[in-house]
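Read through the structure below, which is laid out as structure tokens, and then see the notes.
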Amino acid sequence: MKRIIIVDDEEDFCFFMKKNLEATKNFEVHICTDSNQAVNHIKEIRPNLILLDILMPGISGPDIAQELKEDESTQDIPVVFLTAVITEAEARENKNVIGGHYFVPKPVKVKELIEIINKIC
């Protein structure tokens, strides 16, 4: 079973994603809605994958990802950015990879997200 953490300030979105991912019986999903606590929470959980919002109050998703990459204990955990900043067409055109990072546009299509998760880990 793959352990995933969702870091996003939108609680309803996190609940929806957790419910849908766990319904597959392939994922154990944890949630962190406070970006200031995200790095500590990730170190505690040791997930196989991080689903990370870009725009959050407090620390931004890219800043969290950078901090994780600089830490030897978390640098190898894959990150998928969840964002409304890019469109579905842009994501599809780039096969969900922009600048070496995976991106999934919001609103997230669960089936597509699961395909990306399975490709990464």
Side-chain angles (χ1 to χ4, degrees):
M1 184 172 292
K2 297 172 187 171
R3 190 171 29 253
I4 296 172
I5 184 167
I6 302 169
V7 180
D8 193 307
D9 60 303
E10 297 178 34
E11 290 181 30
D12 290 342
F13 172 78
C14 291
F15 176 77
F16 171 79
M17 293 306 302
K18 177 180 172 68
K19 184 175 181 173
N20 281 282
L21 291 172
E22 287 184 340
T24 68
K25 307 279 190 233
N26 295 320
F27 307 107
E28 172 189 326
V29 181
H30 298 263
I31 294 171
C32 179
T33 58
D34 183 348
S35 64
N36 295 310
Q37 298 295 320
V39 172
N40 288 335
H41 205 66
I42 289 164
K43 287 180 180 181
E44 180 181 310
I45 291 171
R46 313 276 315 146
N48 301 101
L49 180 82
I50 302 163
L51 299 176
L52 183 59
D53 189 19
I54 288 182
L55 301 175
M56 293 181 284
I59 304 171
S60 73
D63 288 342
I64 292 169
Q66 183 62 39
E67 186 173 340
L68 294 169
K69 287 295 175 199
E70 293 172 358
D71 187 314
E72 194 173 293
S73 69
T74 56
Q75 66 186 3
D76 294 328
I77 302 172
V79 173
V80 174
F81 288 107
L82 305 174
T83 182
V85 174
I86 64 167
T87 66
E88 186 176 339
E90 289 170 320
R92 197 174 32 254
E93 179 180 310
N94 293 290
K95 296 183 174 45
N96 293 86
V97 179
I98 300 171
H101 295 284
Y102 281 91
F103 284 82
V104 174
K106 288 182 177 180
V108 174
K109 294 181 179 167
V110 177
K111 183 180 176 186
E112 290 176 19
L113 179 60
I114 290 171
E115 289 173 6
I116 290 169
I117 292 170
N118 288 331
K119 184 170 34 171
I120 296 171
C121 63

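In this chain, numbering begins with 1 at the start of the sequence shown.
Taking K43 as the reference, D71 meet the salt bridge (Lys or Arg N to Asp or Glu O under 4.0 Å) condition, with sequence neighbours excluded.
Using a 4.5 Å cut-off on side-chain heavy atoms (C-beta onward), P47 and E28 make no contact. L49 has its side chain within reach of I117: a pair of non-hydrogen atoms, C-beta onward, lies under 4.5 Å apart. Counting heavy atoms from C-beta outward, I120 and Y102 have side chains that approach closer than 4.5 Å. Using a 4.5 Å cut-off on side-chain heavy atoms (C-beta onward), V7 and L82 make no contact. T33 is not listed as a side-chain neighbour of E10, based on a closest heavy-atom distance of 4.5 Å or more. At a threshold of 4.5 Å between non-hydrogen side-chain atoms, the residues F27 and R3 do not count as touching. Counting heavy atoms from C-beta on, the side chains of L51 and L21 come closer than 4.5 Å. Side-chain contact between S35 and I64 is present, with at least one heavy-atom pair separated by less than 4.5 Å.
Counting non-hydrogen atoms of neighbouring residues, nucleotides and ligands closer than 6.0 angstrom, the CD atom of Q75 exceeds 12 such neighbours. For E67, the CD atom is loosely surrounded, since the number of other residues' heavy atoms within 6.0 Å does not exceed 12. Around atom NZ of K69, more than 12 heavy atoms belonging to other residues, nucleotides or ligands sit under 6.0 Å away.
H41 and C32 make their closest contact through CD2-CB, 3.8 Å (heavy atoms, listed as atom of the first residue, atom of the second, distance). In plain terms, the two heavy atoms of E70 and Q66 that are nearest each other are OE2-NE2, 2.8 Å. The two residues A65 and F81 come nearest to each other via the heavy atoms CB-CZ, 3.7 Å. Contact between V29 and E22 at its shortest, heavy atoms only, is N-OE2, 3.0 Å.
Between the R46 side chain and the T74 main chain, no donor and acceptor come within less than 3.5 Å of each other. No donor-acceptor pair under 3.5 Å is formed between the side chain of K18 and the backbone N or O of H30.
The structure places CD1 of I116 at 10.5 Å from CG of N118, a figure rounded to the nearest 0.5 Å. Atom CG of residue N40 and atom CG of residue D34 lie 10.5 Å apart, to the nearest 0.5 angstrom. We find the CD1-CG distance between I54 and D63 to be 11.0 Å, quoted to the nearest 0.5 Å. Note that OG of S60 and CG of L55 are 8.0 Å apart. Values are rounded to the nearest 0.5 Å. Note: D76 CG to N48 CG = 12.0 Å, rounded to the nearest 0.5 Å. Taken to the nearest 0.5 Å, the CD1 atom of I114 stands 8.0 Å off from the CG atom of N26.
The cluster map of Ile, Leu, Val, Met, Phe, Trp and Tyr, joined by side-chain heavy atoms under 4.5 Å apart, puts M17 and I31 in different clusters.
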(message) side-chain contact (heavy atoms from CB on, under 4.5 Å), that's the test. Do V39 and L68 meet it? Break it down for me.
(response) CA-CA 7 Å; V39 172; L68 294 169; 4.2 Å; yes
(message) Show, in sequence, the C-alpha distance, side-chain angles and deciding distance for D53 and D9, and conclude whether the side-chain contact (heavy atoms from CB on, under 4.5 Å) test is met.
(response) CA-CA 8 Å; D53 189 19; D9 60 303; 3.3 Å; yes
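Classification of K106 and D8 as a salt-bridged pair holds, one side-chain N sitting under 4.0 Å from a carboxylate O.
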